[in-house]
Enquirer: 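Quick one: structure below, then a few questions.
In what follows, residues are counted from 1 in the order of the sequence shown.
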Amino acid sequence: MRTQRAADFTLEFVAGTLARRGLIADEARKTAFARENAQRAKLLREQSSRAGGRALRRAELSPVELVASFAFPDLQRESEVVDEDKATRAVAEELGFPYRKIDPLRLDGPLITRTLSRPFARKHAVIPLERRGAALVIAVANPFDRELFENLRGLTGSEIQPVLSAPSDIQRAIHEVYGFRQQIREAQAQLDQGGPDVGNLEQFVDLTGLEALEASSEPVIAAVEYLLHYAFEQRASDIHVEPRREESMVRMRIDGVLHPVYRIPKGVHGAIANRLKIMSRLDIAQRRPQDGRIRTARGDAEMELRVSTVPTAFGDKIVIRILDPNVLVRDLSELGFLPEERELFESWLMRPHGLVVVTGPTGSGKTTTLYSALQAVASPEVNVVTIEDPIEMVHEDFNQIAANPRTGTGFAEALRHVLRQDPDVIMVGEVRDPETAQQAVQAALTGHLVLTTMHTNDTVGAVARLRDLGVPSFLVAATLTGVVAQRLVRQVCPSCAEDVPLTADEVAELGVKHPEDHAGKLLARRGPGCPKCRHTGYFGRTGLFEVLAVNARLRHLVAEEATPEVLFRTARQDGLHTLREHAVRKIAAGATSFEEAMRATADAEESR
């Protein structure tokens, strides 16, 4: 059998491999082969369009990219398609070739940029991943390109250990590593010569595509846009740009956890901070805390970025909150409610008046729950008004008011004005003082549906908090429809999840009687970690909820000023499921891990 060459890695080979391994039907293989040229031309046109009409010098389209672009159904996994990762893994297994899913957060930038030039990496679709002793591990898109392996051996002076990776992952890593770092170096050089013009006072910022960034942008502008593109791809909720003594650190919060991403030279930090301030229409001359917003687009969806700057010992610290409408406003069925909880919550929203309170600590998803609830009730026949500090995300179906005590529009003042605006549904961002509490209760009492948030650990705590804010118990009883307490937990990564038996101690924490009888028999899901989840074992988040409906019995007890302990005991008798019990059901369903569920509900259990 002759030695295979780079040219032998064809669409026919890849599609044939997928068909032999049972991932696609033979009919799909024939379709791919027959439409290869037309599909190639289509992908090249799309690639050129993304690059602003410029034909960038990069590797030839891989047969893996071509096959994946057809989105053939995966015969082994219902409702899924064969993407580049699946095709690459199947080819690697067929050839006995090592496979590696590239983790963007674990790329060794200095190793990559020192080892290969950007044109070489792009042309040959290769990127160094790590040093393993005297050998260099390099991700490649063509397992048959032995001439490339020899050239790399001569170029680097190291033994080459090739691993097969998805072509798009390789090209994306090249864009991120060479692109961002190259722009940082150019920005530093430009600053040494007097500095660039980073001015752009447009409120809507149209981010350039990654491919088109390379030729046209000022280095500082390009570096900031690379950073935003990267954050969007990684599903980050926050970007932290933090000045330190010797350099600046860029960290991103993904699924609630901060990950270090980039280190940038100290001298470039000021220019990047100024660029972000200008994009968010802040004063670059002021060294004081400032808040601003950036509107931009990702694909067809418009996104908002909330920017906060605070001067620190080494410069301005910038935090960018990414407000993705696909995350912030969702269907109620996607939030994590159990079926009976969602049905109860939706019944409250159908009422013409009453007070609905969502409680939980900062970062527990209260805003997402409220926005999703407002989206569910919004219609041309309903006047929805919100009072927020600040407005999290502008939504055209709501009439949104920014609360600002300095201009006479604090929560309480704004609520008084809103009541003259013929509202049907009012959302008050937070009840934090006696006047706002009184106004919210009065609004609910006079025929409006009022939704708001409070900071309490559990549902019955909201009743005590309203009393502490001076609302008479009889008014709380008359207006309070229900309370939702919530937490966010990370979901087990579906790509690496596996069953693990629970120990006797863990079973006992779940509240199961005679835990020793169940030790090793009850199973939970846990992810050991993989590139898709950045080796955390978690991917995405979901909610845990405690839903308290105020029925006639509870209403009577609230009016009689019963203690929280009595209210909780009565609610339990009437069927209340606690946050911990909801968490146990999420563990049983394999949605989250035992450790994550216990961590998220520890404070609620301790307050009982």
Enquirer: Compute the centroid of each ring, for Tyr262 and then for Tyr230, and state whether the two points are separated by less than 6.0 Å.
Expert: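 Ring centres of Tyr230 and Tyr262 closer than 6.0 Å.
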Enquirer: Taking NZ, NE, NH1 and NH2 as the nitrogens, is one of them in Arg526 or Glu595 under 4.0 Å from a carboxylate oxygen of the other?
Expert: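 Yes, charged N to carboxylate O under 4.0 Å.
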Enquirer: Does Arg306 come within less than 4.0 Å of Glu304, counting only side-chain N to carboxylate O?
Expert: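 Between Glu304 and Arg306 there is no salt bridge, as every charged N stays at least 4.0 Å from the carboxylate O atoms.
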Enquirer: Give me the atom names and distance for the closest heavy-atom approach of Ser473 to Arg467.
Expert: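 Heavy atoms only, the tightest pair is OG-NE, 3.2 Å.
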Enquirer: Measure across Ala600 and Leu544 and return the closest heavy-atom pair with its distance rounded to 0.1 Å.
Expert: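 The answer is CB-CD1, 4.3 Å.
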Enquirer: Do you know the tightest heavy-atom contact between Thr452 and Gly429?
Expert: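 Between these two residues, the closest heavy atoms are OG1-C, 4.4 Å.
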Enquirer: Quick one, His455 and Lys366 - any side-chain contact, counting heavy atoms below 4.5 Å?
Expert: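 Yes, close enough: below the 4.5 Å cut-off.
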Enquirer: With heavy-atom distances below 4.5 Å as the criterion, would you say the side chains of Asp316 and Leu276 are in contact?
Expert: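 The answer is no, as the side chains (C-beta and beyond) never meet within the 4.5 Å cut-off.
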Enquirer: Assess, by modelled atom type and distance only, whether the side chains of Arg420 and His417 contain a donor and an acceptor separated by less than 3.5 Å.
Expert: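 Yes.
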Enquirer: Looking at Arg585 and Glu340, is any side-chain nitrogen of the basic one under 4.0 Å from a carboxylate oxygen of the acidic one?
Expert: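 Yes, this pair counts.
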Enquirer: Leu419 versus Gln439: any side-chain heavy-atom pair under 4.5 Å?
Expert: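 In contact.
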Enquirer: Has Thr436 got a side-chain atom pairing as donor or acceptor with Val431's backbone, closer than 3.5 angstrom?
Expert: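 Flag not set: sc Thr436 to bb Val431 has no pair under 3.5 Å.
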Enquirer: Checking the side chain of Gln486 only, and the main-chain atoms of Gly360 only, is there a donor and an acceptor separated by less than 3.5 Å?
Expert: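 Flag not set: sc Gln486 to bb Gly360 has no pair under 3.5 Å.
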Enquirer: Could you check whether any side-chain heavy atom of Arg487 comes within less than 4.5 Å of a side-chain heavy atom of Asn457, counting everything from C-beta outward?
Expert: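 Contact flag for Arg487/Asn457 side chains = yes.
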Enquirer: What orientation do His395 and Phe398 show, parallel under 30°, tilted 30 to 60°, or perpendicular over 60°?
Expert: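 The arrangement is parallel - the two ring planes meet at less than 30°.
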Enquirer: Is any NZ, NE, NH1 or NH2 atom of the basic residue among Asp255 and Arg235 found under 4.0 Å from an Asp or Glu carboxylate oxygen of the other?
Expert: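 A salt bridge is present here (some side-chain N lies under 4.0 Å from a carboxylate O).
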Enquirer: Could you check whether atom CZ of Arg77 has more than 12 heavy atoms from other residues, nucleotides or ligands sitting under 6.0 Å from it?
Expert: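 At most 12 heavy atoms, drawn from other residues, nucleotides or ligands, come within 6.0 Å of this atom.
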Enquirer: For a 4.5 angstrom cut-off between non-hydrogen side-chain atoms, does Glu546 reach Glu581?
Expert: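 The answer is no, as the side chains (C-beta and beyond) never meet within the 4.5 Å cut-off.
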Enquirer: Which atoms form the tightest heavy-atom contact between Val550 and Arg555, and what is the distance?
Expert: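 Closest approach of Val550 to Arg555: O-NH2, 2.8 Å.
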Enquirer: So do Gln234 and Val261 actually touch side chain to side chain, heavy atoms under 4.5 Å?
Expert: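 Result no, sub-4.5 Å side-chain heavy-atom pair not found.
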Enquirer: Using side-chain heavy atoms (C-beta onward) and a distance below 4.5 Å, is Leu258 in contact with Arg253?
Expert: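 When only atoms from C-beta onward are counted, Arg253 and Leu258 do touch, with a gap below 4.5 Å.
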Enquirer: Check whether any side-chain heavy atom of Tyr371 lies under 4.5 Å from a side-chain heavy atom of Thr386, and answer yes or no.
Expert: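 Of all side-chain heavy-atom pairs linking Thr386 with Tyr371, none is under 4.5 Å.
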Enquirer: Give the C-alpha distance, both sets of side-chain angles, the deciding distance and a yes or no for side chain to side chain donor-acceptor pair (under 3.5 Å) between Asn383 and Asn399.
Expert: CA-CA 8 Å; Asn383 180 16; Asn399 299 291; 2.9 Å; yes
Enquirer: Please determine whether a side-chain nitrogen of the Lys or Arg among Arg416 and Glu435 lies less than 4.0 Å from a carboxylate oxygen of the Asp or Glu.
Expert: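 Salt bridge flag = yes for Glu435 with Arg416.
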Enquirer: Check this for me: Gln573, atom CD, are more than 12 non-hydrogen atoms of other residues, nucleotides or ligands nearer than 6.0 Å?
Expert: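 Buried by this count: over 12 neighbours within 6.0 Å.
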Enquirer: Does Glu80 CD have over 12 foreign heavy atoms under 6.0 Å away?
Expert: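 Yes - once you tally the heavy atoms of other residues, nucleotides and ligands closer than 6.0 Å, there are more than 12.
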Enquirer: For Phe545, does the six-membered ring have the charged nitrogen or CZ of Arg342 within the cation-pi criterion, i.e. under 6.0 angstrom from the centroid and within 45° of the normal?
Expert: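 Negative - Arg342 is either too far from the ring of Phe545 or too far off its axis.
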